Protein chains: 2
Amino acid sequence: MKALFKTAGRAYKAHHALPPDAGTIADVNHDNVVKTISPDWVDGETKVMESPADHGQDLRLWLRLLTCSTLIESEIRRRLREQFDCTLPRFDLMAQLERAKAGMVLGELSKRMMVSPGNITALVERLVESGHVTRTVSAADRRVQIIALTSFGRAEFEKMATAHADWIAKLFDVITARDGKILFDRLGKLKRSVVTALARD
Amino acid sequence: MKALFKTAGRAYKAHHALPPDAGTIADVNHDNVVKTISPDWVDGETKVMESPADHGQDLRLWLRLLTCSTLIESEIRRRLREQFDCTLPRFDLMAQLERAKAGMVLGELSKRMMVSPGNITALVERLVESGHVTRTVSAADRRVQIIALTSFGRAEFEKMATAHADWIAKLFDVITARDGKILFDRLGKLKRSVVTALARD
DNA sequence: GAAAACTATTTCAAGCCTAAAGTTTTTTTG
DNA sequence: CAAAAAAACTTTAGGCTTGAAATAGTTTTC
C-alpha cells in the first residue's frame, strides 16, 4: 500500500474539558499536569453544582464518557496508522462493505457511517486509488454508484479486523463480564435518553 | 463575531461500525435505513461471537460507547455552530482558559486538551483574530507564549457554557441519578482498564 | 564560554469533515 | 408528455488534526 498519506490519525485529541472530570483527563497522559490542577477545579465543580437541576452530575458523566471513548479511539487510530498505515475512516468504510457482499450504494455508506455524502466521495476516491474498493455506476439508475471491496481490500480488512478485535479485548481486559454487561445496559439507556431528547424537536 | 468560518461542526459523524451495535447506530438517524439491515447483522454478530475470548462482548460495548459519545458530541457541535457560530475546539480551548485567571502557556493548553501543539497554534491564531483571546510572549522565557481570555472572550464563553450545561442536562434527562452514578462508576473502571493496558508498553 | 542537548512553538503536507451550492438523472405531477 | 420536484452525487470553501521537520531560545556540559 506504500504510504498513502503522511499522517491522518489523531494521536492526541480528547477535547472538552468543561468541568474537568476531576483529575482524570489530565492524569491520564501527563503526570506533571496534576499538581497544577486542584484549586481551580474545586471552583469549577462547585459552580457547576450550584446550577439548577444538578447539571454537574450530568456534565461530569458526559466528560468521563468522552474521555473514555477518546482514549480508546485515539489508540485505535494510532495502531491502525502504525501497524497498517490506515486511518479509522478507511477502516470503518471497509467494515461496512465487508458485510455487503454485493457492494453498497454511496448514499447508504454515508447513512450507515453517519458522515456527510461529500465526505464519502473523497474517501472512496482514495480507496479506489489504493485498490481497496471498486466504484461502479449502476445500470438501473445512472445516478447511483455501487462501492464494493476488492479481494485485496477484503484481505487487508480481515487482517485489520482481527487485530482490532484483539486490541479492544486487551484494552477492556480488566473489566469484568459483569461490569461490561452493566455498562452496555446503562449505555443503552443513555442512548435512548439522548435519542428521545433529540426527537423532541 | 460575524461568521468566522463557513462550517466546521460535524453534523453527522459516528464512525466505526464493526459489528454494528445491532440496529442502533443506523436507527438513530435515518428511519429508512433500518429495513435494509437485519440479515447482514446477524451474520456479523455471529461471526464475532465465535472469536476467542469472547471479543464480541467487548466490541459491542465499545461500539455502543462510541455511538453514545458521537451522538452527543455531534449534537453539541451542531448547537454551538448554529446558536453561537462556534466550534467545539474553540469552546474547549476557552473552557481551559476560563479557569486559568493568569492565562495559560500554549504547551499547557496542548497537553490539557490532548491535541498536538501545531493544532493549538492555528486555533489560537483564529481566536486572537476574532478577539476572544490574547497571546503574549513571556518576558521570562521568550520561547513561551501566554494565552488568556479577553473580557469579550470570557463573556462569550459564559453564555455558551450556560447553554452547554443545559443541553447536556436535557440530553441526559431520562437517565436516573442512580443509573448516572452506575455509569460514572463503571466508566471509571473502564478508564482504568484502558490506561493500565496502555501503560503496559 | 562555546558546543550540545533540550524545550517551546511554528510550519508543512495531507487526510478528515461539514454545510451549502451545483450537476445529472429519475420520478412525479399537472 | 413536459415542467417541476426529488434524489444521488460532486464540488467548494474552510475549519480540525496529526506527525515530522524546521526555528528559535534556554540550559547543560565540558
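All of these numbers come straight from a predicted model, not from anything done at the bench. Residue numbers start from 1 in every chain, and the chains themselves are labelled A, B, ... in the order their sequence lines are given, proteins ahead of strands.
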Q: To the side chain of B:Arg135, which of C:dC17, C:dT10, D:dC16 is closest?
A: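 Selected nucleotide (nearest to the side chain): C:dT10.
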Q: Grab the CG-C1' distance between A:Leu123 and C:dA14 for me, whole Å please.
A: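 Spelled out: CG on A:Leu123 to C1' on C:dA14 is 14 Å.
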Q: Separation of B:Glu82 atom CD from C:dA20 atom C1', in whole Å?
A: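 So the two atoms are 13 Å apart, to the nearest Å.
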Q: At under 4.0 Å, does any side-chain N or O of B:Ser110 touch on OP1 or OP2 of C:dT9?
A: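 Answer no for this pair, as no side-chain N or O of B:Ser110 is under 4.0 Å from OP1 or OP2.
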Q: ring-ring contact (aromatic ring centres under 6.0 Å, His included) with B:His132: which of B:Phe84, B:Phe91, B:Phe152?
A: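 Result: among B:Phe84, B:Phe91, B:Phe152, B:Phe152 is the only option passing the ring-ring contact (aromatic ring centres under 6.0 Å, His included) with B:His132.
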Q: Within the structure provided, determine whether A:Thr70 and B:Met114 are in side-chain contact (heavy-atom separation under 4.5 Å).
A: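 Result no, sub-4.5 Å side-chain heavy-atom pair not found.
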Q: In whole angstroms, how far is the C1' atom of D:dT23 from the CD atom of B:Gln145?
A: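 From B:Gln145 CD to D:dT23 C1': 13 Å.
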Q: Write down the distance between CZ (B:Arg126) and P (D:dG14), rounded to a whole number of angstrom.
A: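 Distance, rounded to whole Å: 12 Å.
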Q: Please tell me which of A:Gly118 and A:Asp141 maps to the more 5' nucleotide of DNA chain D, matching each residue to the nucleotide holding its nearest heavy atom.
A: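 Comparing both residues, the 5'-ward one is A:Asp141.
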Q: State, yes or no, whether a side-chain contact exists between A:Leu183 and B:Lys189 at a heavy-atom distance under 4.5 Å.
A: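 Sidechains of B:Lys189 and A:Leu183: no contact.
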Q: Which is more 5' along DNA chain C, the nucleotide nearest A:Ala122 or the one nearest B:Leu106? Just name the residue.
A: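 Between the two, 5'-proximity favours B:Leu106.
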Q: For the side chain of B:Arg142, starting at C-beta, report the closest nucleotide among D:dC9, D:dG25, D:dT17.
A: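 The answer is D:dG25, which lies nearest to the side chain.
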Q: Side chain of B:Asn119: nearest nucleotide among C:dC16, D:dT10, D:dT17?
A: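 The answer is D:dT17.
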Q: Side chain of B:Pro117, heavy atoms from C-beta onward: which of C:dA19, D:dG25, C:dT9 has the nearest atom to it?
A: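 Of the options given, the side chain of B:Pro117 lies nearest C:dT9.
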Q: Would you mind reading off the distance between A:Glu125 atom CD and D:dT10 atom C1', rounded to a whole angstrom?
A: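 My rounded result for the distance is 11 Å.
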Q: Hey, are B:Glu75 and B:Arg78 close enough for a salt bridge, meaning a charged N less than 4.0 Å from a carboxylate O?
A: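 Salt bridge present between B:Glu75 and B:Arg78.
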Q: From CD1 of B:Ile120 over to C1' of D:dG15, roughly how many Å is that when rounded to an integer?
A: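 Taking CD1 of B:Ile120 and C1' of D:dG15, I get 14 Å after rounding.
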Q: Which nucleotide, D:dC16, C:dC17, C:dA19, lies nearest any side-chain atom of B:Arg81?
A: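 So the nucleotide nearest the side chain must be C:dA19.
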Q: If you compare every side-chain N and O of B:Thr121 against the phosphate oxygens of C:dT11 (OP1, OP2), does one of them come in below 4.0 Å?
A: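 No, outside the criterion.
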Q: The side chain of B:Val105 is closest to which nucleotide in this list: C:dT9, C:dT18, D:dT18?
A: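 Selected nucleotide: C:dT9.
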Q: Only one of A:Leu171, A:Asp179, A:Val174, A:Thr176 forms a side chain to side chain contact (heavy atoms under 4.5 Å, CB included) with B:Ser193, so which one is it?
A: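 Going through A:Leu171, A:Asp179, A:Val174, A:Thr176 one by one, the side chain to side chain contact (heavy atoms under 4.5 Å, CB included) with B:Ser193 is satisfied by A:Val174 alone.
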Q: Which nucleotide, D:dA8, C:dC16, D:dC16, lies nearest any side-chain atom of A:Val144?
A: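 The answer is D:dA8.
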Q: Looking at A:Lys159 and A:Glu156, does any basic side-chain N land under 4.0 Å from a carboxylate oxygen?
A: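 Between A:Glu156 and A:Lys159 there is a salt bridge, with a charged N closer than 4.0 Å to a carboxylate O.
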Q: Closest approach to the side chain of B:Ser116, judged atom by atom: which nucleotide of C:dT11, C:dC16, D:dT18 is it?
A: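 That would be D:dT18.
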Q: Just the rounded figure in Å: distance from P of D:dT18 to CZ of A:Arg78.
A: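 Going from CZ in A:Arg78 over to P in D:dT18 covers 13 Å.
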Q: D:dT18 P sits how many Å from A:Asp85 CG, rounded?
A: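 Checked: the CG to P distance equals 18 Å.
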Q: Side chain of A:Arg143 only, please: which of C:dT9, D:dG25, C:dT24 is the nearest?
A: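 Given the options C:dT9, D:dG25, C:dT24, the side chain of A:Arg143 is closest to C:dT24.
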